[in-house]
Amino acid sequence: MIKIETVLDILKKDSLFREIIDQGHYYYNYSDVDFDSISYDSRKVKAGTLFFAKGATFKKEYLLSAITQSLGWYVAEKDYEVGIPVIVVNDIKKAMSLIAMEFYGNPQEKLKILAFTGTKGKTTAAYFAYNILAQHHRPAMLSTMNTTLDGKTFFKSALTTPESIDLFDMMAQAVHNGRTHLIMEVSSQAYLVKRVHGLTFDVGVFLNISPDHIGPIEHPSFEDYFYHKRLLMKNSRAVVINSDMDHFSVLKEQVEDQEHDFYGSQSSNQIENSKAFSFSATGKLAGDYDIQLIGHFNQENAVAAGLACLRLGASLEDIKKGIAATRVPGRMEVLTQKNGAKVFIDYAHNGDSLKKLINVVETHQTGKIALVLGSTGNKGESRRKDFGLLLNQHPEIQVFLTADDPNYEDPMAIAEEISSYISHPVEKIADREKAIKAAMAITDQELDAVIIAGKGADCYQIVNGVKESYPGDSAVAERYL
């Protein structure tokens, strides 16, 4: 329950309130109004709901439909003139986040919150942190791959960072379930569309940065993408940053007056004696570590998570046990074929993460290598050129271009665009299952490898705006082992 006076106080404090209008007239008699639910979905309203008319594609018809379900009040950036009072605000997304915080009892004040940002590695780092904190604490986790609010039930989130109303609802559920910590992935989009406005994190971690999510419906430029990523640092009490990431100097200067830890070659927190399934660390995490996820970048993610959890009450022993226990669905999963060849399944879905994945595989597998790859439709268009230019440098890899959430685009047209940057022959097979089967068929001995990149553990294909059922890369690969 939230009273309208409280709503207005919150909006005025953040300079968001403009006026209340009812049928063209200023509205004054509101002292007895309160709300027992809040929503941004016009299908989920009732009498007593405060509705938020948000989004570039919002239509007046949504409001009219909600009114037939007894909606009495709404918040918007303009008066839609639908016959019920509107609280007019300067920024609907900011207003929604701040009011959601209060409506759900400010759950952020009852949790220690750890957030990861970066172009890649957020989910893996979140899993490391979850397993570390689970040793002696009760963490909840909001992750692209899996979300848990009670430590028992796991489900997949629709967004990397949920809409603010959903986010604070989930936080409140975590508090109700006795959780002590919350681990989150915070995307650049979360700041671009203000899903986390007003939220301060106990620790914010910046893993890396490379061009991604740049396009008509995402960030207009790399500068804009990087700026929104850096907002996590500004809104965190303490930060952990990869000193080997691009543009580290910008971040180093930004956080010089904050509590911070750096890791990597420009810090005392470094990785030494790196092997496939173990490494040693110096600095605050000094010691030897076992790890199930191969690749130096996964060891970096483990160190980042360890440094963050150290600030949140974890011991070095917790960190060692948590790192050793961590596996991530769709992240560097390894299967072995009957002929001994390895199959690597990974979510790598941009040029930089694919480059690192290929480097890891080539370190361990020196025979024939096949790669199954697609690129998403209607988003991240710049990835296609990045993929093509990267694969053009690897003529030794037999490439199978296929579908990966083509949405409203033709997967073969996407494949053609990628292949236009590649000077050697590639296979184009629209059906992802057939592409995986064909790639696995070229291997014949234990030093050979198949890389299946992009979808990770996703068990769907987005086609024409709909999630169509798909067995998942692991299940398909297992059929042909």
Side-chain angles (χ1 to χ4, degrees), residues 14-16 54-58 77 89-98 115-123 125 142 144 157-164 167 184-201 204-236 239-256 258 260 347-355 375-390 405 407 409 417:
D14 214 50
S15 301
L16 293 170
K54 64 98 182 167
T57 60
F58 186 82
E77 292 177 1
V89 297
N90 292 319
D91 190 312
I92 187 68
K93 297 290 187 65
K94 288 183 178 180
M96 190 166 78
S97 185
L98 294 175
F116 291 96
T117 200
T119 303
K120 57 193 179 298
K122 295 186 292 296
T123 297
L142 305 182
T144 309
S157 301
L159 298 169
T160 300
T161 312
E163 286 285 2
S164 56
L167 172 61
M184 290 179 58
E185 297 177 37
V186 177
S187 64
S188 58
Q189 288 284 303
Y191 277 108
L192 182 67
V193 298
K194 300 153 192 169
R195 290 178 194 143
V196 291
H197 177 71
L199 184 57
T200 300
F201 300 92
V205 182
F206 206 139
L207 299 168
N208 47 64
I209 188 78
S210 58
D212 197 17
H213 296 288
I214 298 167
I217 62 171
E218 297 177 283
H219 296 279
S221 64
F222 175 77
E223 183 279 328
D224 187 73
Y225 175 56
F226 188 31
Y227 167 76
H228 284 93
K229 285 282 191 194
R230 296 201 308 275
L231 287 176
L232 175 62
M233 305 293 96
K234 182 179 178 181
N235 290 285
S236 296
V239 299
V240 176
I241 300 172
N242 181 357
S243 69
D244 293 318
M245 66 182 285
D246 290 345
H247 312 292
F248 169 64
S249 60
V250 176
L251 284 157
K252 184 178 180 181
E253 181 179 353
Q254 178 181 328
V255 305
E256 61 183 356
Q258 284 176 268
H260 63 262
Y347 186 65
H349 62 292
N350 60 47
D352 197 45
S353 56
L354 182 63
K355 179 180 179 180
S375 191
T376 53
N378 306 110
K379 64 179 285 190
E381 287 94 338
S382 62
R383 297 172 186 167
R384 302 170 194 179
K385 181 177 180 180
D386 294 342
F387 286 148
L389 294 177
L390 170 65
D405 295 341
N407 207 355
E409 293 192 63
E417 187 175 345

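Counting from 1, the numbers follow the sequence of the chain as shown.
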So which atom in [X] and which in [Y] form the shortest heavy-atom distance, rounded to 0.1 Å?
X: Ser97; Y: His197; answer: OG-O, 2.8 Å
X: Met233; Y: Leu251; answer: CG-CD2, 3.8 Å
X: Lys229; Y: Gly118; answer: NZ-O, 2.9 Å
X: Arg384; Y: Asn378; answer: NH2-N, 3.8 Å
X: Phe387; Y: Gly351; answer: CE2-N, 3.7 Å

inquiry  = Run the salt bridge (Lys or Arg N to Asp or Glu O under 4.0 Å) test against Glu77 and tell me which residues pass, sequence neighbours left out.
reply    =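 Scan of Glu77 (salt bridge (Lys or Arg N to Asp or Glu O under 4.0 Å), adjacent residues dropped) gives none.
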ask   = Taking it one step at a time, do Val186 and Phe201 satisfy side chain to side chain contact (heavy atoms under 4.5 Å, CB included)?
value = CA-CA 11 Å; Val186 177; Phe201 300 92; 3.9 Å; yes
key: Partners meeting ring-ring contact (aromatic ring centres under 6.0 Å, His included) with His228 (sequence neighbours left out)   =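 So His228 forms a ring-ring contact (aromatic ring centres under 6.0 Å, His included) with His219.
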query = Taking atom CD of Glu256 as the centre, does the number of heavy atoms from other residues, nucleotides or ligands within less than 6.0 Å exceed 12?
reply =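 It does: Glu256 CD has more than 12 such atoms within range.
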query = How about Tyr227: does its OH atom have over 12 heavy atoms from other parts shown lying under 6.0 Å from it?
reply =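 Open: at most 12 neighbouring heavy atoms sit under 6.0 Å from OH of Tyr227.
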key: N-O pairing of Asp14 and Lys94 below 4.0 Å   =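 Salt bridge flag = no for Lys94 with Asp14.
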request  = Might you work through the side chain to side chain contact (heavy atoms under 4.5 Å, CB included) test for Asp405 and Lys379, ending with a clear yes or no?
outcome  = CA-CA 10 Å; Asp405 295 341; Lys379 64 179 285 190; over 6 Å; no
task = Give me the one residue out of Asn235, Val250, Ile209 that meets side-chain contact (heavy atoms from CB on, under 4.5 Å) with Arg230.
result =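 Exactly one option meets the side-chain contact (heavy atoms from CB on, under 4.5 Å) with Arg230, and it is Val250.
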query = Under the criterion side-chain contact (heavy atoms from CB on, under 4.5 Å), which of Gln258, Glu253, Lys252 is the partner of Val255?
reply =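 Of Gln258, Glu253, Lys252, side-chain contact (heavy atoms from CB on, under 4.5 Å) with Val255 is met by Gln258 alone.
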message = So, using side-chain hydrogen bond (donor to acceptor under 3.5 Å, both in side chains) as the criterion, who are the partners of Ser353 when residues are at least two apart?
response =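 Ser353 satisfies side-chain hydrogen bond (donor to acceptor under 3.5 Å, both in side chains) with Asn350 only.
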request  = For the residue pair Thr161 and Tyr191, confirm or rule out a side-chain donor-acceptor distance under 3.5 Å.
outcome  =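 Distance-only check fails for Thr161 and Tyr191.
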